[in-house]
**Student:** 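To start, I am sharing the structure in question, which I have written as structure tokens.
Because only heavy atoms are used, hydrogens play no part in the values below, and waters and symmetry mates are left out as well, while side chains stay in. Counting from 1, the numbers follow the sequence of the chain as shown.
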Amino acid sequence: MPSLIIQGKQPLGGTIRVGGNKNAVLPMIASLMLTDEPCVLHNVPDILDVRTMLDIARHLGAEAELKGNTLYFQCKDVIRTEVDKELCARNRTSILFAGPMLARCGRIALGRPGGDSIGRRRLDGHFYGLENLGARFSEDSCFRFTRLGKRLLGRELFLDEPSVTATEQIISAAVTAEGITTLYNAASEPHVTDLGEMLNKMGAKISGLGSNILTIEGVEKLHGVEHEVIFDHINAGSFVALAAATGADLTIEGVRPRSFWMLRRVYERLGINVGLYDNHITVSSEQSRQIKYDAGGPFLQISDGPWPQFPTDMMSCTIVAATQCRGTVTFFEKMFDGRMNFVDRLIDMRANAIICDPHRVVITGPSELRGTELASPDIRAGMALVIAALCAKGESRIRRAEIIYRGYGNLVEKLRSIGACVEEVE
């Protein structure tokens with residue numbers, strides 16, 4: 001398994017271009033199973049989670065080839081309706097094959113999904129949505145789904161939380177259901193919208209994209225598609241955090257400003273100005289890094305929430321950025337009770353951090369971090385530890401780098417391109 005050796009305190013600066021959105025392309029790959037016609041996706045990131053989804057699709061009968069960042073995909077015939085448990089355990093989005101396979105051939109058995117260990121991650125929204133659209137669910141060593149009629153049946157649905165993957169599951173199941181599905185309290189993240197836009201190009205009739213109420217008018221059949229995957233706003237935000245923590249002059253290309261308004265508001269409170277332009281973001285080395293407290297209040301609190309609030313996936317990297325800012329800030333992680341576990345590693349690096357409970361951490365900075373040996377616990381925390389190592393004094397070794405590669409393609413090359421001293425070793 002690969003590890004990263006990082007020499008900290010190197011002067012960083014330059015330009016990074018972000019690739020396609022991981023959280024958009026993974027449900028897209030599952031949804032391509034809805035048609036037997038050829039499909040082409042551009043701007044596909046070559047990361048481990050994408051390879052896993054393609055392995056599952058091939059296992060089910062698809063032909064899929066990733067050439068550079070272009071995916072050529074076709075599933076003329078489904079040859080299996082049960083997916084190997086080991087394949088499903090590689091990532092969480094393996095569950096997203098349930099809806100498309102129910103719609104196409106009426107049944108699917110999936111091993112339990114894997115993914116990051118960031119606390120309790122409910123799947124109830126998936127089961128609720130598929131059962132109410134006309135599927136039977138049972139559980140033994142696998143999750144087994146069976147369609148009860150010739151087609152799934154549209155209806156009104158209400159999610160008890162705006163789950164991204166449950167929303168994507170219901171969309172992909174409902175697009176070929178009989179009748180109209182109305183989904184209330186749907187997730188509205190950019191990657192959910194991009195999935196819906198791709199399906200509409202395939203002949204689906206989805207309205208309300210970008211809002212929390214979606215209307216899906218079922219059609220009998222979808223056709224092939226050529227689509228460009230939206231940029232990864234979380235990857236871009238991670239590099240904003242890197243620039244903020246290390247004092248780098250950084251330009252991040254290939255983005256659109258509308259996805260970063262909340263991120264800019266949060267980083268302004270950390271004393272970091274983020275420049276938003278038509279197709280790029282800038283972070284200057286000339287920053288105050290002075291935390292701005294709430295009006296009339298003694299502390300700043302940064303919390304996450306459903307889109308368009310601050311993304312949970314940005315919490316880990318932003319916590320590292322805060323260790324290099326002057327003042328005290330509380331981070332309140334509302335969505336996952338294991339997201340903050342990685343802060344123990346920052347304390348080992350001599351960060352001034354107090355873990356109050358599974359959801360809250362208090363950071364006081366600036367701290368002079370020291371290099372050490374660490375293990376990546378999940379994708380986003382792994383990237384956060386990379387950032388911590390880049391601004392730490394001395395050498396750090398980050399084990400289990402393959403976990404970071406699940407979400408960040410060509411990471412070593414990108415870091416080297418801006419001056420980082422980083423080496424991958426086995």
Side-chain angles (χ1 to χ4, degrees), residues 4-25 42-47 50 68-70 190-191 194 228-264 266-268 270-289 311 313-314 316-318 320-321 324-325 379-380 382-392 398 401 404-405 407-424:
L4 297 177
I5 306 296
I6 298 174
Q7 305 296 332
K9 294 292 186 182
Q10 304 297 311
L12 304 180
T15 299
I16 284 178
R17 187 172 188 86
V18 297
N21 191 305
K22 162 187 177 288
N23 291 327
V25 74
H42 301 287
N43 199 31
V44 175
D46 187 2
I47 55 177
V50 166
N69 295 114
T70 299
H191 35 282
D194 202 32
E228 182 166 344
V229 180
I230 194 173
F231 67 93
D232 196 318
H233 63 288
I234 299 299
N235 272 21
S238 300
F239 289 113
V240 169
L242 183 155
T246 62
D249 268 308
L250 197 62
T251 299
I252 303 160
E253 294 184 336
V255 300
R256 292 197 293 263
R258 68 178 184 222
S259 297
F260 300 99
W261 291 333
M262 187 62 184
L263 180 143
R264 179 170 64 178
V266 166
Y267 274 76
E268 284 174 350
L270 296 177
I272 306 293
N273 293 315
V274 180
L276 302 182
Y277 302 91
D278 287 344
N279 60 3
H280 67 279
I281 299 172
T282 61
V283 183
S284 168
S285 60
E286 300 297 324
Q287 305 283 353
S288 73
R289 292 202 281 190
D313 281 348
M314 278 301 303
S316 301
C317 291
T318 304
V320 174
Q324 303 306 300
C325 298
I379 296 172
R380 306 305 174 187
M383 184 62 187
L385 295 178
V386 168
I387 296 170
L390 289 170
C391 61
I398 301 177
I404 310 172
Y405 298 163
Y408 294 86
N410 302 316
L411 179 61
V412 172
E413 292 82 357
K414 288 180 179 178
L415 294 176
R416 286 177 174 170
S417 74
I418 60 172
C421 185
V422 54
E423 179 184 3
E424 181 188 283

**Student:** Just verifying a value: how many Å separate Thr251 OG1 and Ile418 CD1, rounded to the nearest 0.5 Å?
**Tutor:**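 Separation between the atoms: 11.0 Å.
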**Student:** Could you state the interatomic distance from CD (Glu413) to CD1 (Ile16), rounded to the nearest 0.5 Å?
**Tutor:**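 The CD1 atom of Ile16 is 11.5 Å from CD of Glu413, to the nearest 0.5 Å.
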**Student:** Minimum heavy-atom separation for Val283 to Ala244, with atom names?
**Tutor:** CG1-N, 4.5 Å
**Student:** Just jot down the ring pair (Phe, Tyr, Trp, His ring centres under 6.0 Å) partners of His233, sequence neighbours excluded, or say none.
**Tutor:**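 His233: ring pair (Phe, Tyr, Trp, His ring centres under 6.0 Å) contacts with His191, Trp307.
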**Student:** If you count the non-hydrogen atoms of other residues, nucleotides and ligands that lie under 6.0 Å from CD in Glu286, is the total more than 12?
**Tutor:**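 Counting neighbours around CD of Glu286, 12 or fewer heavy atoms of other residues, nucleotides or ligands fall under 6.0 Å, so no.
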**Student:** Provide the full list of ring-ring contact (aromatic ring centres under 6.0 Å, His included) pairs with a residue in residues 270-289, sequence neighbours left out, each pair given once.
**Tutor:** Tyr277-His280
**Student:** Side chains of Pro311 and Ile234, heavy atoms from C-beta outward: is any pair under 4.5 Å?
**Tutor:** yes
**Student:** Please confirm whether the backbone N or O of Ile230 pairs with a side-chain atom of Asn21, one donor and one acceptor, at under 3.5 Å?
**Tutor:** no
**Student:** Mind checking whether His42 and Asn69 have side chains closer than 4.5 Å, heavy atoms only?
**Tutor:**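 Counting from C-beta outward, His42 and Asn69 never come under 4.5 Å.
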**Student:** Any chance you could lay out the side-chain contact (heavy atoms from CB on, under 4.5 Å) test for Thr282 and Val274, step after step, and finish with the verdict?
**Tutor:** CA-CA 6 Å; Thr282 61; Val274 180; over 6 Å; no
**Student:** Which residues satisfy the ring pair (Phe, Tyr, Trp, His ring centres under 6.0 Å) test with Phe231, sequence neighbours excluded?
**Tutor:**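 Once residues adjacent in sequence are excluded, the partners of Phe231 under the ring pair (Phe, Tyr, Trp, His ring centres under 6.0 Å) criterion are Phe260.
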**Student:** Identify, with sequence neighbours excluded, every residue that meets salt bridge (Lys or Arg N to Asp or Glu O under 4.0 Å) alongside Glu253.
**Tutor:**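 Result, salt bridge (Lys or Arg N to Asp or Glu O under 4.0 Å) vs Glu253: Arg17.
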**Student:** Can you give me the closest heavy-atom contact between Val255 and Ala236, atom names plus distance?
**Tutor:**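 Smallest interatomic distance, heavy atoms only, reads CG1-CB, 4.0 Å.
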**Student:** Do you know the tightest heavy-atom contact between Ala389 and Ile398?
**Tutor:** CB-CD1, 4.3 Å
**Student:** How long is the span from the CG atom in Leu242 to the SG atom in Cys317, to the nearest 0.5 Å?
**Tutor:**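 SG of Cys317 is found 8.5 Å from CG of Leu242.
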**Student:** How close do Ala384 and Val320 get, counting heavy atoms only, and between which atoms?
**Tutor:** O-CG2, 3.4 Å
**Student:** How many angstroms lie between atom CZ of Phe239 and atom CG of Leu12, to the nearest 0.5 angstrom?
**Tutor:**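 It comes to 11.5 Å.
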**Student:** If I compare all heavy atoms of Val229 with all of Val25, which pair ends up nearest, and what's the gap?
**Tutor:** CG2-CG2, 4.1 Å
**Student:** From Asp313 CG over to Met383 CE, what is the distance, rounded to the nearest 0.5 angstrom?
**Tutor:** 13.0 Å
**Student:** Got a sec, which pairs hit salt bridge (Lys or Arg N to Asp or Glu O under 4.0 Å) with one end in residues 414-423, sequence neighbours left out?
**Tutor:**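 Listed once each, the pairs would be none.
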**Student:** Which pairs with one or both residues in residues 238-249 pass side chain to side chain donor-acceptor pair (under 3.5 Å), sequence neighbours excluded?
**Tutor:** Ser238-Tyr408, Asp249-Ser285
**Student:** At what distance, to the nearest 0.5 angstrom, does CG of Asn235 lie from CZ of Arg380?
**Tutor:**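 Spacing of CG (Asn235) from CZ (Arg380) equals 6.0 Å.
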**Student:** Between Gln287 and Tyr267, is there a side-chain donor-acceptor contact under 3.5 Å, judged purely by atom types and distance?
**Tutor:**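 Checked: Tyr267/Gln287 side chains show no N/O donor-acceptor pair below 3.5 Å.
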**Student:** Nearest heavy-atom pair of Ile47 and Tyr405: which atoms, and what distance?
**Tutor:**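 Of all heavy-atom pairs spanning Ile47 and Tyr405, the closest is CB-O, 3.5 Å.
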**Student:** For Gln10 and Gly8, indicate whether the former's side chain and the latter's backbone hold a donor-acceptor pair under 3.5 Å.
**Tutor:** yes
**Student:** So do Leu4 and Leu415 actually touch side chain to side chain, heavy atoms under 4.5 Å?
**Tutor:**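 They are not in contact (no side-chain heavy atoms under 4.5 Å apart), so the answer is no.
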